[in-house]
A.B. asks: 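What follows is a structure written as structure tokens; I'll ask about it next.
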Amino acid sequence: MKIQNAKFDYFNLTPLFVLLWCLFSFACLPILPVASGYGWDGVFYGKVVMDFGNMIGNIDSYHANRIFPAVLIHYIYRILQLPLNLETALFGYRVYNIIILVGSAIFWVLIAKRLSLLPYKKWIGFCALFINYPMLNLHFFYPALTDGTAFFIGLIMMYSYLAKKNILLLTVTMITYFCWPAGIVVGLILFIYSNAESISYFYKKKNTSIIIFFLLLSPFLAFMSFQFAGSIKEFVVLYDLPKRIIRWYSNVNSYDHIKYLHLINAICNVIFIVGMFWYVLKNFDILKFITYTFKKQNFSKLIISFFILVILVVTKKILYSSDLPSLSPFEYFSYYFAGVNVRFPLQFIVYQITYWGPIIILFIIFFKDIIKQLKKMELPFFLIFLYTILFSINSEGRPIISFYPFIVVIIIQAIDFSSFRNLKLFTILFVSVSFIYSKVWFPLQLPSTLFPESIWTDLDKFPMQWYLMNFGLFTNKQMYLVHAALAVVFFVLFYFIIVKPKKLILSVNYKDN
């Protein structure tokens with residue numbers, strides 16, 4: 001009797017595909033010429049790699065939460081007794097990025113198995129995760145960043161939760177505090193609610209008033225509304241008060257008067273965020289959720305989480321100096337969520353698509369299906385979705401990088417790809433548009449500077465816009481219009497390839513009956 005071998009799953013080779021691309025990128029693709037390859041934030045990270053021991057206690061608060069990759073590379077070099085200089089430190093970052101991207105692909109294979117995803121969904125998920133601007137392009141062009149580590153940790157968090165590995169989950173949660181601090185909330189949500197009830201347990205028949213959501217979101221909305229206190233802004237400029245009190249819209253050190261278009265865009269953002277939360281949570285029993293959170297089985301995890309936070313904060317105090325100027329949480333939200341985010345209509349949507357590719361277009365097309373799927377999923381995924389929506393109201397796509405894998409999983413699980421009008425054409429279009437948005441095919445000719453000098457002038461002009469057009473934070477009006485037009489064109493293409501005409505659906509249903 002012959003035993004048939006199981007059919008080989010080529011999806012298991014995806015880490016190898018990623019490795020081959022990494023090696024090709026390492027050997028052939030150019031590196032950012034600004035500051036000898038270290039760019040802007042990378043200048044600080046390069047200094048940490050080369051001289052971390054002497055920097056302890058002399059790091060500003062903002063960067064103290066983003067030094068893990070640099071410190072790790074520093075000690076690997078020390079342990080191996082390798083020389084540390086500008087060239088070797090940058091080389092270390094490039095090798096490190098290869099390791100974490102291949103590791104990310106390995107964990108995606110493990111996650112797909114845990115979720116028992118259908119073959120097509122596994123591949124679409126892989127394309128959404130790895131064929132985009134940051135993964136296919138940015139990490140090789142601008143190696144000295146923390147983004148890849150945040151992405152890698154997000155995937156490890158998801159796997160740890162699915163595999164019930166709480167020690168691994170808490171370990172990477174603590175690491176993310178010193179890499180991408182917003183990710184610590186994701187890790188603690190997964191830990192605290194690791195044995196939570198199904199999300200349907202928290203839903204009720206009666207709708208919650210939308211006023212409740214205005215109240216719940218009032219701190220966040222206050223950050224946004226503060227930007228438009230015109231009289232305060234003029235007062236600050238008139239009396240030359242510290243710049244940190246206000247935010248600016250265009251270039252650093254410029255003060256523009258309040259523009260009505262900015263105000264209209266901010267109102268649209270407020271309507272979006274409140275409307276989104278109300279649509280998802282209108283039947284959600286918030287009081288029941290709060291009561292459940294403090295039940296005995298969760299309370300011990302809350303205590304553990306509290307002590308972890310205390311340890312992390314104390315550790316951070318050893319690293320940084322409060323005397324050094326730094327970007328506070330208030331300034332961060334004020335600048336990214338209420339300042340440069342309102343220069344253009346629906347800027348946050350346009351630049352989520354620009355950064356992450358067509359998966360965001362699918363999110364818009366299948367929004368109702370995604371919310372239905374969300375209500376069937378486990379509580380942590382539900383909470384992380386809401387957390388991501390809050391962070392998505394941003395001038396660029398980068399802030400959600402550690403939550404992005406969760407959003408991809410929610411989207412691909414919600415969509416019935418077999419119902420598409422033309423699945424083959426959709427696949428070709430999805431991969432092609434993902435590659436287009438990666439811009440890895442687009443050659444860049446940027447001015448060069450030597451470390452540690454970065455470029456801080458004419459960022460909204462060419463040639464710097466060829467790079468900075470990918471970040472809504474620095475994009476100019478011309479490139480915003482280009483990206484907005486592309487988003488509309490691709491949305492229409494996907495819609496007509498995906499959605500079957502109603503007449504055809506009705507006729508098919510009639511024949512079936």
Side-chain angles (χ1 to χ4, degrees), residues 40-42 44-45 48 52 55-73 100 104 134 144-158 160-161 168-192 219-220 223 244 302 304-322 324-338 341 355 380 383-407 471 473:
W40 290 268
D41 289 350
F44 171 80
Y45 302 136
V48 173
F52 174 63
M55 294 186 70
I56 296 174
N58 294 299
I59 301 172
D60 66 272
S61 178
Y62 175 82
H63 284 108
N65 283 121
R66 289 160 177 81
I67 62 170
F68 173 77
V71 173
L72 178 63
I73 295 170
I100 59 176
S104 298
L145 285 175
T146 60
D147 301 45
T149 308
F151 179 77
F152 184 37
I153 288 176
L155 286 163
I156 298 176
M157 283 180 176
M158 191 190 306
S160 303
Y161 170 77
L168 177 60
L169 174 59
L170 289 177
T171 301
V172 293
T173 297
M174 288 187 285
I175 290 173
T176 199
Y177 182 77
F178 294 104
C179 171
W180 204 267
I184 194 171
V185 175
V186 173
L188 293 181
I189 286 173
L190 293 169
F191 172 65
I192 294 168
F220 182 80
F223 282 124
R244 67 178 59 189
L302 286 171
I304 293 172
S305 300
F306 173 77
F307 278 109
I308 287 174
L309 287 173
V310 170
I311 292 170
L312 293 173
V313 170
V314 170
T315 304
K316 178 185 173 181
K317 283 187 175 293
I318 298 172
L319 297 173
Y320 87 100
S321 170
S322 58
L324 295 174
S326 182
L327 190 67
S328 69
F330 175 83
E331 291 173 313
Y332 177 86
F333 277 96
S334 178
Y335 184 51
Y336 290 95
F337 288 79
N341 182 36
Y355 204 73
L383 296 176
I384 292 169
F385 174 84
L386 295 176
Y387 186 56
T388 306
I389 291 299
L390 196 64
F391 261 77
S392 68
I393 307 294
N394 201 298
S395 55
E396 54 182 349
R398 288 179 64 202
I400 70 167
I401 193 166
S402 59
F403 336 135
Y404 176 68
F406 293 88
I407 301 303
F471 310 93
L473 174 63

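This chain uses plain numbering: 1 for the first residue, then up along the sequence.
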A.B. asks: Nearest 0.5 angstrom please: T388 OG1 to L383 CG, how far?
C.D. replies: 10.5 Å

A.B. asks: Can you name the closest pair of heavy atoms from L170 and I308 and give their distance?
C.D. replies: CD2-CD1, 3.7 Å

A.B. asks: Nearest 0.5 Å, please: how far is OG1 in T171 from CD1 in I153?
C.D. replies: 10.5 Å

A.B. asks: Could you give the distance from CZ (F152) to CE (M157), rounded to the nearest 0.5 Å?
C.D. replies: 12.0 Å

A.B. asks: Which pair of non-hydrogen atoms, one from D41 and one from H63, has the smallest distance, and what is that distance?
C.D. replies: OD1-NE2, 4.4 Å

A.B. asks: On a heavy-atom basis, which atom in M158 and which in L190 lie closest, and how many Å separate them?
C.D. replies: N-CD1, 4.5 Å

A.B. asks: Got a second to check how far L473's CG is from S395's OG, nearest 0.5 Å?
C.D. replies: 4.5 Å

A.B. asks: How long is the span from the CD1 atom in I59 to the CZ atom in F52, to the nearest 0.5 Å?
C.D. replies: 5.5 Å

A.B. asks: Does R398 form a side chain to side chain contact (heavy atoms under 4.5 Å, CB included) with L145? I'd like the steps, not just the answer.
C.D. replies: CA-CA 11 Å; R398 288 179 64 202; L145 285 175; 4.3 Å; yes

A.B. asks: Is any side-chain heavy atom of F306 closer than 4.5 Å to a side-chain heavy atom of V310?
C.D. replies: yes

A.B. asks: When you check the side-chain N and O atoms of K316 and S61, is any donor under 3.5 Å from an acceptor?
C.D. replies: yes

A.B. asks: Report yes or no: is the cationic atom of R66 (NZ for Lys, CZ for Arg) closer than 6.0 Å to the six-membered ring centre of Y62, at no more than 45° off its axis?
C.D. replies: yes

A.B. asks: Which pair of heavy atoms, one from G57 and one from S321, lies closest together, and at what distance?
C.D. replies: O-CB, 3.2 Å

A.B. asks: Taking the side chain as every heavy atom from C-beta outward, state whether Y355 and I400 have any pair of such atoms under 4.5 Å apart.
C.D. replies: no

A.B. asks: Could you give the side-chain donor-acceptor pairs of residues 172-187 under 3.5 Å, partners two or more places apart or in another chain?
C.D. replies:
from: T173; atom 1: OG1; to: L169; atom 2: O; distance (Å): 2.6
from: T176; atom 1: OG1; to: W180; atom 2: O; distance (Å): 3.3
from: W180; atom 1: NE1; to: P399; atom 2: O; distance (Å): 3.3

A.B. asks: Testing the basics here: between F385 and I407, what is the closest heavy-atom pair and its distance to 0.1 Å?
C.D. replies: CD1-CD1, 3.9 Å

A.B. asks: Nearest heavy-atom pair of A70 and V48: which atoms, and what distance?
C.D. replies: CB-CG1, 3.6 Å

A.B. asks: Can you say whether the rings of F403 and F391 are parallel (under 30°), tilted (30 to 60°) or perpendicular (over 60°)?
C.D. replies: perpendicular

A.B. asks: Begin with the C-alpha distance, continue with both residues' side-chain angles, and end with the deciding distance and a verdict on side chain to side chain contact (heavy atoms under 4.5 Å, CB included) for F191 and S305.
C.D. replies: CA-CA 8 Å; F191 172 65; S305 300; 3.6 Å; yes

A.B. asks: In Å, rounded to the nearest 0.5 Å, how long is the span from CG of L319 to CD1 of I56?
C.D. replies: 6.5 Å

A.B. asks: Among all residues two or more places apart in sequence or in another chain, which pass the side-chain hydrogen bond (donor to acceptor under 3.5 Å, both in side chains) test with Y161?
C.D. replies: E378

